[in-house]
Amino acid sequence: MGSPDAPVDLYYWSDYQCPFCNRFEQNTFPKLLEDHIKPGKVRLVILEYVTIGDASKTAGRMAKCVWRQVKGNDPNAFKRWHASIFDAQKKPNSGWAKKQNLLDITAGVRGVDADEVASCLQENEQSLAASVADDKKAGNDKGVSVTPTFIFHNSKSGDSTATVQGAQPYPRFEATIEEVRK
């Protein structure tokens with residue numbers, strides 16, 4: 001999300017069943033989106049860091065299918081889908097994130113074809129699993145061990161990076177963005 005030419009890249013490792021990720025999504029993300037991502041100051045890259053259970057793997061793979069479907073025509077549909085999944089979040093491993101329930105949620109998201117997502121999941125099972133595993137490995141290589149974890153990177157100079165872990169308040173994100181931009 002955001003401009004590919006943004007001066008700051010923000011890598012966000014998340015698990016759709018993570019309650020702290022949901023807290024970030026509900027409390028901090030909307031302001032971050034309005035103040036930094038939409039105006040082109042920050043480019044957000046969402047990566048999967050599944051640790052909570054098999055349903056997290058399913059949700060992570062589904063996110064990859066949704067992105068494949070919408071990235072060319074309506075990338076905002078991914079944002080709508082992503083928000084819908086977090087809005088539906090219940091207690092981890094309580095069954096809310098089973099494949100069929102996630103597909104039912106997906107069917108209600110404008111711009112996303114749930115049948116196409118279901119086909120993608122079935123036809124690309126191994127490559128999707130590998131992609132989710134690659135996201136986690138990339139996180140591990142950068143020191144990620146919990147969700148959510150955010151790594152800020154100055155995309156212009158490449159010199160400045162910073163890490164924030166947990167559902168931190170918006171001012172922490174704003175200060176870290178300004179620190180990395182320098």
Side-chain angles (χ1 to χ4, degrees), residues 1-4 9-26 29 33 37 42-151 153 155 163 165 167:
M1 290 180 209
S3 171
D9 289 331
L10 175 53
Y11 298 92
Y12 167 26
W13 279 271
S14 176
D15 182 317
Y16 284 101
Q17 290 199 92
C18 165
F20 298 103
C21 298
N22 196 8
R23 186 178 303 159
F24 163 77
E25 293 285 336
Q26 302 302 323
F29 182 64
L33 182 65
I37 297 169
V42 172
R43 178 179 74 111
L44 178 69
V45 179
I46 299 172
L47 300 153
E48 305 304 322
Y49 197 85
V50 297
T51 58
I52 295 177
D54 286 340
S56 294
K57 292 177 186 176
T58 300
R61 293 171 185 171
M62 194 172 287
K64 301 284 185 182
C65 285
V66 171
W67 178 245
R68 287 179 183 184
Q69 181 187 136
V70 304
K71 68 181 177 183
N73 297 339
D74 185 8
N76 284 326
F78 180 83
K79 183 176 91 46
R80 291 189 296 273
W81 178 85
H82 179 86
S84 293
I85 299 301
F86 275 110
D87 287 347
Q89 188 190 77
K90 306 278 187 268
K91 193 173 192 163
N93 293 321
S94 64
W96 76 270
K98 288 183 179 177
K99 180 180 173 182
Q100 188 55 56
N101 191 47
L102 294 174
L103 287 170
D104 290 346
I105 295 165
T106 300
V109 177
R110 182 174 44 88
V112 181
D113 182 332
D115 292 335
E116 190 176 319
V117 170
S119 293
C120 172
L121 285 168
Q122 185 175 348
E123 294 167 11
N124 302 290
E125 188 174 344
Q126 289 180 333
S127 66
L128 292 168
S131 181
V132 169
D134 287 347
D135 283 2
K136 188 169 185 180
K137 182 183 180 322
N140 289 338
D141 291 348
K142 302 255 185 241
V144 174
S145 61
V146 299
T147 55
T149 294
F150 307 87
I151 296 180
H153 176 75
S155 62
T163 301
Q165 292 184 328

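We're numbering straight along the sequence, starting at 1.
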Visitor: Would you say that T51 contacts C18 through its side chain, given a criterion of any heavy-atom pair below 4.5 Å between the two side chains?
Guide: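 With C-beta onward as the side chain, the pair stays apart.
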Visitor: With distance as the sole test, does R80 use its side chain to make a donor-acceptor pair with the main-chain N or O of R110 at under 3.5 Å?
Guide: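 Judged by distance alone, yes, a pair lies under 3.5 Å.
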Visitor: Going by the side-chain hydrogen bond (donor to acceptor under 3.5 Å, both in side chains) test, name the single residue among N140, T149, T147 that passes it with Y49.
Guide: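 Only one of N140, T149, T147 forms a side-chain hydrogen bond (donor to acceptor under 3.5 Å, both in side chains) with Y49, namely N140.
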Visitor: For I52 and P92, which heavy atoms make the closest approach, and how far apart are they?
Guide: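 Shortest heavy-atom contact: CG2-CB, 3.7 Å.
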Visitor: Is there a side-chain contact between C21 and Y12 in this structure, where contact means two heavy atoms from C-beta onward sitting under 4.5 Å apart?
Guide: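 Sidechains of Y12 and C21: in contact.
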Visitor: From N22 CG over to D15 CG, what is the distance, rounded to the nearest 0.5 angstrom?
Guide: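 Taking CG in N22 and CG in D15, the distance rounds to 11.5 Å.
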Visitor: Rounded to the nearest 0.5 Å, how far apart are NZ of K79 and CG of D74?
Guide: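 One gets 10.5 Å once the value is rounded to the nearest 0.5 Å.
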Visitor: Between S131 (side chain) and S127 (backbone), is there a donor-acceptor pair under 3.5 Å?
Guide: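 The answer is no, because no donor-acceptor pair under 3.5 Å joins these two groups.
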Visitor: Would the number of heavy atoms belonging to other residues, nucleotides or ligands and lying under 6.0 Å from CG of D141 be above 12?
Guide: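 Result for CG/D141: enclosed.
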Visitor: Between the side chains of D87 and Q26, does any donor sit under 3.5 Å from an acceptor?
Guide: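 Per modelled atom types, D87 and Q26 side chains form a pair under 3.5 Å.
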Visitor: Would the number of heavy atoms belonging to other residues, nucleotides or ligands and lying under 6.0 Å from NZ of K142 be above 12?
Guide: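 Counting other residues, nucleotides and ligands, NZ of K142 stays at 12 neighbours or fewer.
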Visitor: May I ask you to test the K64-D135 pair for a side-chain heavy-atom distance under 4.5 Å?
Guide: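 Yes, close enough: below the 4.5 Å cut-off.
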Visitor: Measure from the side-chain N and O atoms of K136 to the backbone N and O of V50, and report whether any donor-acceptor pair falls under 3.5 Å.
Guide: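 Yes: the side chain of K136 pairs with the backbone of V50.
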Visitor: Look at atom CZ of R23 and say whether more than 12 heavy atoms of other residues, nucleotides or ligands are closer to it than 6.0 Å.
Guide: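 No, because the 6.0 Å sphere around CZ of R23 holds 12 heavy atoms or fewer from other groups.
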Visitor: Would you please test V45 and H153 for side-chain contact (heavy atoms from CB on, under 4.5 Å) and show each step?
Guide: CA-CA 11 Å; V45 179; H153 176 75; over 6 Å; no
Visitor: Could you report the tightest heavy-atom contact between M62 and L121, atom names first, then the distance?
Guide: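 That would be CE-CD1, 3.5 Å.
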Visitor: Do V117 and V112 have side-chain heavy atoms sitting under 4.5 Å apart?
Guide: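 V117 vs V112: side chains touch.
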Visitor: To the nearest 0.5 Å, what is the distance between CZ (R43) and CD1 (I37)?
Guide: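 Rounded to the nearest 0.5 Å, the CZ-CD1 separation comes to 11.0 Å.
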Visitor: Do the ring planes of Y11 and W13 sit parallel (below 30°), tilted (30 to 60°) or perpendicular (above 60°)?
Guide: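 Geometry flag for W13 against Y11: tilted rings.
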Visitor: Drop me the distance from Q100's CD to I105's CD1, to the nearest 0.5 angstrom.
Guide: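 Between atom CD of Q100 and atom CD1 of I105 there are 10.5 Å.
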Visitor: Taking the side chain as C-beta and beyond, is there a heavy-atom pair between F78 and I46 under 4.5 Å?
Guide: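 Yes; the side chains approach each other to less than 4.5 Å.
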Visitor: Rounded to the nearest 0.5 Å, what separates atom CD in Q122 from atom CG in N124?
Guide: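 Reported value, rounded in 0.5 Å steps: 10.0 Å.
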Visitor: What are the two closest non-hydrogen atoms of A59 and W81, and how far apart are they?
Guide: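 Here A59 and W81 meet closest at O-CH2, 3.9 Å.
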Visitor: When you measure from the side chain of E25 to the backbone N and O of A83, does any donor-acceptor pair fall under 3.5 Å?
Guide: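 Here the side-chain-to-backbone pair does not exist.
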Visitor: Is the closest side-chain heavy-atom distance between Q89 and W96 below 4.5 Å?
Guide: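 Touching, per the 4.5 Å side-chain cut-off.
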Visitor: Does the side chain of L44 come within less than 4.5 Å of F29's, by heavy atoms?
Guide: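 Yes; the side chains approach each other to less than 4.5 Å.
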Visitor: What are the two closest heavy atoms between Q17 and S94, and how far apart are they?
Guide: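 Result for this residue pair: OE1-N, 4.5 Å.
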Visitor: Compare every heavy atom of A63 with every heavy atom of Y16, then report the nearest pair and how far apart it is.
Guide: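 Y16 and A63 have their closest heavy atoms at OH-CB, 3.6 Å.
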Visitor: Would you check if Q69 and C120 make a side-chain contact, meaning some heavy-atom pair closer than 4.5 Å?
Guide: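 Q69 vs C120: side chains apart.
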Visitor: Could you tell me the separation between the OG atom of S56 and the CG atom of N93, rounded to the nearest 0.5 Å?
Guide: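 Here the rounded value is 6.5 Å.
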Visitor: For the residue pair Q165 and S145, what are the closest heavy atoms and their distance?
Guide: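 Closest pair (atom of Q165, atom of S145, distance): NE2-OG, 4.2 Å.
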